Amino acid sequence: MSRRAIVTAGTGGIGLETAKGLARHGYAVTVVGRNAERGASAVEEIAAVANGGAPRFVAADLASLDNVRALAAQLAADGPLGVLVNNVGAMFAQRQRTVDGIEASFAVNHLSPYLLTELLLDRLRADAPSRIVNVSSAAIKTARRTFDAVEPPGGYYGFHWYGRANLAYTVHLAERLRGAGVTVFAADPGGAATDMTDGTMTSPKIVSPPLRLLWPLVRRTFERSTAGPASVAARSSVFAATADSLDGRTGLLVGPEARPVPLFRGAADPRAIENVLRLSRQLAPLNSVGHGVRHP
């Protein structure tokens, strides 16, 4: 029987290529996304390269914490689980809020994978050895590293907010699960041409005003760095999920060349980790259904 893998935001781009890579390694892959039509197309593509069980699609809006809770319950009931890849991510040119009233970048890039992971931990422990892969990005090198609040003071600039909490959570979770048979990795896909890089990440509004003076140069450099296909960018996630060389290791960042690289500066800062966990538990309580924490 094929081991099962879950890939969030797995119906296109890097997520779909990650799902295909896991299917080639013999996993029965479940992809999560919002659009049923894209989900059906993704399942066809994955099935064409699969060397294991049949792939499937599960619909969920990962910006909704209640949707994440329902998704976790469904996935946990589906049976043994070997790999969870938290691939979902988003960047916004302007501040947005989710249905729970939470700033959308923090909710989608961190709270959603945090909550899904926490709710699947019993399943992952029971099916050990298993792996958790949280997709990160070198873009967080520019992120604000204060986590005293979800929304730090000052203007909203997506590039400085993107994915800023999830790497700290990854470091914490790796240590927390050390010896439990569940290993935890971050994966940096590097640059790739995706819907996000073709849209939001080409807008000067995602950086602070001083950097906008340099935007033409930054944009040209960025466009060159994201010219590669998603299949190449997926290598880090697939390696983190499947490589035998990572057996018994945990808490590593796998870089775009599909090998471990040093963690981004500040990722293991104890104060940052403590504040990330505090905010996560406050905004996404594990035992709450239908009671999202709302903010004005």
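The figures that follow rest on heavy atoms only: side chains count, while hydrogens, waters and symmetry mates do not. Along the sequence shown, residues carry numbers from 1. Worth saying up front: this structure is predicted, and the values here are computed from it rather than measured.
With sequence neighbours excluded, the residues forming a side chain to side chain contact (heavy atoms under 4.5 Å, CB included) with Glu257 are Arg235, Arg259, listed by chain and number.
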Applying side-chain contact (heavy atoms from CB on, under 4.5 Å), run through Leu62 and Asn67 and close with a yes or a no. CA-CA 6 Å; Leu62 295 172; Asn67 265 226; over 6 Å; no

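Note that the OG atom of Ser64 and the CD1 atom of Ile102 stand 10.0 Å from one another [nearest 0.5 Å]. Separating the CD1 atom in Ile132 from the CG atom in Leu177 is a distance of 5.5 Å, to the nearest 0.5 Å. Here the straight-line distance linking atom CG of Leu22 with atom CZ of Arg3 works out to 12.0 Å at 0.5 Å rounding. With rounding to the nearest 0.5 Å, the separation of CZ in Arg271 from CD1 in Ile273 is 12.5 Å.
Heavy atoms from other residues, nucleotides or ligands lying under 6.0 Å from CZ of Arg34 number 12 at most.
In summary, of the residues considered (Asn87, Thr18, Val135), a side chain to side chain contact (heavy atoms under 4.5 Å, CB included) with Pro189 occurs for Val135 alone.
Using a cut-off of 4.0 Å between Lys/Arg side-chain N and Asp/Glu carboxylate O, Lys20 and Glu17 are scored as salt-bridged.
Residues Leu71 and Val31 do not share a hydrophobic cluster, clusters being chains of Ile/Leu/Val/Met/Phe/Trp/Tyr side chains in contact below 4.5 Å. Side-chain heavy atoms closer than 4.5 Å link hydrophobic residues (I, L, V, M, F, W, Y) into clusters, and following such links, possibly through other members, connects Val184 to Leu167.
Within the 4.5 Å cutoff, the side chain of Ile46 has heavy atoms near those of the Leu16 side chain.
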Do any side-chain atoms of residues 119-129 form donor-acceptor pairs under 3.5 angstrom with protein atoms, and if so which ones, sequence neighbours left out?
residue, atom, partner, partner atom, Å
Asp122, OD1, Arg125, NH1, 3.3
Arg123, NE, Asp127, OD2, 2.8
Arg123, NH1, Ala76, O, 3.2
Arg123, NH2, Asp127, OD1, 3.2
Arg123, NH2, Asp127, OD2, 3.4
Asp127, OD2, Leu81, N, 2.7

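There is a side-chain donor-acceptor pair under 3.5 Å between Asn86 and Thr117.
When all heavy atoms of Gln74 and Arg56 are compared, the closest pair comes out as NE2-NH2, 3.7 Å. For the pair Asn109 and Val88, the tightest heavy-atom approach, listed with the atom from each and the gap, is OD1-O, 4.5 Å. Among all heavy-atom pairs drawn from Arg249 and Phe185, the shortest one is O-CZ, 3.1 Å. In terms of heavy atoms, Leu253 sits closest to Ala187 at CD1-N, 4.2 Å.
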